Number of protein chains: 2
Amino acid sequence: MKDQNIKLAVDAVVFGYKDDGLFVLLVKQKYGPFINQWVLPGGFVKHDEALIDAVYRELLEETNVELDYLEQLYTFGDDIKRDPRFRVVSVAYLGLVNPKRVSIKPDTDALDVAWFRVDNIEILPFDHKLIIDKGIERLQSKLNYKPIGFDLLDDEFVFSDLENLYRTILCRDIDRRNFRKKILSFGILEETKKVKSVGSGRPGKVYTFNKVKYKELEESGFVFEIKFA
Amino acid sequence: MKDQNIKLAVDAVVFGYKDDGLFVLLVKQKYGPFINQWVLPGGFVKHDEALIDAVYRELLEETNVELDYLEQLYTFGDDIKRDPRFRVVSVAYLGLVNPKRVSIKPDTDALDVAWFRVDNIEILPFDHKLIIDKGIERLQSKLNYKPIGFDLLDDEFVFSDLENLYRTILCRDIDRRNFRKKILSFGILEETKKVKSVGSGRPGKVYTFNKVKYKELEESGFVFEIKFA
DNA sequence: CCAAAAGTGTTAACTCTACACCCATGA
DNA sequence: TCATGGGTGTAGAGTTAACACTTTTGG
């Protein structure tokens with residue numbers, strides 16, 4: 001154990017949804033073995049820092065992003081050589097944010113920051129592609145049993161926004177009528193008096209997600225669960 | 001980062017099912033800050049060792065147990081003082097084994113090993129009670145959508161064994177008829193020609209779990225999923 | 001023959017799926 | 001007025017939930 005000199009890092013897979021696509025936040029490395037290349041935001045944990053605090057800190061330092069949702073994803077530490085310099089074990093986190101609510105900018109620790117469509121990402125340094133894949137998997141399955149889609153949407157949205165989000169992230173078609181019926185039956189959406197036009201066509205009713213109501217229902221045994229036609 | 005001196009450990013929550021109860025494997029510490037106390041098997045990762053290999057190694061060294069099932073559970077690293085000596089981040093794993101298939105014995109690195117009923121465990125050193133709770137949660141939810149119950153049973157079992165396992169671990173009653181119908185409908189059990197008596201009463205048919213068949217079905221889109229009456 | 005556990009089927013309630021037409025708006 | 005997307009209901013299929021008696025064995 002004395003000769004254990006493993007470094008501990010955190011990485012964040014931060015998803016954003018916009019323009020009918022799922023995006024992930026990458027930064028251009030300012031230091032490190034893959035300088036000038038795009039990688040997941042993240043970095044080494046300080047000696048007296050909680051893992052989760054390290055994630056928030058790195059995100060601020062590198063991207064100026066504050067998240068709407070964050071959970072631990074998986075710890076990558078089986079591949080001894082995942083970092084070419086020395087042994088690094090990374091605890092990966094999954095974050096969600098509405099890109100509109102943040103202004104990404106490379107702060108002190110990155111050369112650049114940008115959103116990349118997940119379906120355009122081919123290879124990345126380290127095992128970051130693997131980490132992203134794991135994140136997508138988690139996001140997809142979690143959409144079916146937790147109302148996390150709302151963290152990716154505007155506070156006020158029309159039904160087609162929500163439909164498209166599910167369609168996009170799950171890569172499958174969904175039945176508009178059945179989907180709407182199901183979601184509305186949960187009683188966790190508030191109908192506002194507004195309407196909103198998306199392009200041409202008839203404007204849709206604007207809804208908001210009532211998080212408080214959802215938490216109450218969850219307490220009393222309700223389970224958010226979606227099956228698709 | 002240079003002054004980061006975090007030590008990395010693994011811990012294993014190994015569940016066993018016997019005598020109509022759910023048990024967890026604990027070891028009596030031979031070294032360390034809680035010497036002579038019962039803790040989860042685990043220890044420091046070697047510098048050039050994959051995390052998962054560290055788990056297997058520690059289990060052998062401390063308990064002589066080889067597992068039927070192992071998956072990563074969660075990484076505990078937010079509490080800076082979870083180890084009173086220095087900063088230790090622990091990657092916890094969830095293991096399953098049929099207690100009959102292993103002979104636990106304290107090997108080189110532990111004073112003693114034993115199975116403890118999970119409902120008897122009150123407090124443990126470090127945050128090991130937390131880790132166990134997380135493990136139970138994962139086990140309970142996973143029973144509903146993966147056939148991991150079979151890793152806790154004998155190769156040959158009668159239906160009431162499976163029922164009782166679900167009843168015990170999920171802490172709720174289940175309808176025998178509906179449960180049997182559901183499980184049989186999956187077509188992943190083989191009926192043998194044997195019967196087995198459990199105490200007095202009519203002997204039951206003996207079944208085996210056809211793992212190969214399950215894997216095939218899973219490949220072609222089948223999802224093991226249980227809802228309870 | 002009694003106690004204990006195994007085995008078995010049906011019905012009603014519910015949920016899911018599939019599906020098509022009219023409506024409101026902007027161009 | 002046309003193109004675009006929004007809003008809506010129903011019937012059939014499938015699934016789940018509730019429920020009780022007979023069978024087989026060991027004592």
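In this text, all values refer to a predicted model and were calculated from it rather than measured experimentally. Both backbone and side-chain heavy atoms feed into the values below; hydrogens, waters and symmetry mates do not. In what follows, every chain begins at residue 1, and chains take the letters A, B, ... in the order their sequences are listed.
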- prompt: So, for A:Phe157 and A:Phe209, is the gap between ring centers shorter than 6.0 Å?
  reply: no
query: Between A:Phe34 and A:Phe126, does the ring centroid distance fall short of 6.0 Å?
result: yes
Length of the line joining A:Glu225:CD and C:dT15:C1', which is rounded to integer Å: 12 Å
message: Whether B:Lys194 and B:Glu156 form a salt bridge (side-chain N of Lys/Arg under 4.0 Å from carboxylate O of Asp/Glu) is what I want to check.
response: yes
message: Rounded to whole Å, how long is the line connecting atom NZ of A:Lys227 with atom C1' of D:dT15?
response: 9 Å
message: As a test of understanding, state which of A:Asp154, A:Asp155, A:Asp151 forms a salt bridge (charged side-chain N to carboxylate O under 4.0 Å, His left out) with A:Arg101.
response: A:Asp155
query: For A:Phe157 and D:dG6, what is the distance between atoms CZ and P respectively, to the nearest whole Å?
result: 14 Å
- prompt: Can a donor-acceptor pair be found between the side chains of B:Glu71 and B:Tyr69 at a distance below 3.5 Å?
  reply: yes
- prompt: When the aromatic ring centroids of B:Tyr74 and B:Phe76 are compared, is their separation below 6.0 Å?
  reply: yes
query: For B:Tyr207 and C:dA6, what is the distance between atoms OH and P respectively, to the nearest whole Å?
result: 12 Å
- request: Using a 4.0 Å heavy-atom cut-off across all strands, classify B:Phe179 as base, sugar-phosphate, or nothing.
  value: nothing
- prompt: On a plain distance test, is the side chain of B:Lys181 in donor-acceptor contact with the base of C:dT10 below 3.5 Å?
  reply: yes
query: Hey, does the side chain of B:Ser160 come within less than 4.0 Å of C:dA5's phosphate (OP1/OP2), counting only N and O?
result: no
Row check, A:Phe23 ring normal vs A:Lys18 NZ/CZ: under 6.0 Å, within 45°: yes
d(NZ, A:Lys182; C1', C:dC16) in whole Å: 8 Å
- request: Mind listing the residues from residues 171-178 of chain B sitting with a heavy atom below 4.0 Å of DNA chain D? Number order is fine.
  value: B:Asp175, B:Arg177, B:Asn178
query: Where along residues 183-206 of chain B does a heavy atom come under 4.0 Å from DNA chain D, residue by residue in number order?
result: B:Gly201, B:Arg202, B:Pro203
query: With a 6.0 Å cut-off on ring centres, are A:Tyr214 and A:Phe150 close enough?
result: no
- prompt: Do the ring planes of B:Tyr166 and B:Phe228 sit parallel (below 30°), tilted (30 to 60°) or perpendicular (above 60°)?
  reply: tilted
- request: Rounded to the nearest angstrom, tell me the gap between atom CZ in B:Arg180 and atom C1' in C:dG9.
  value: 13 Å
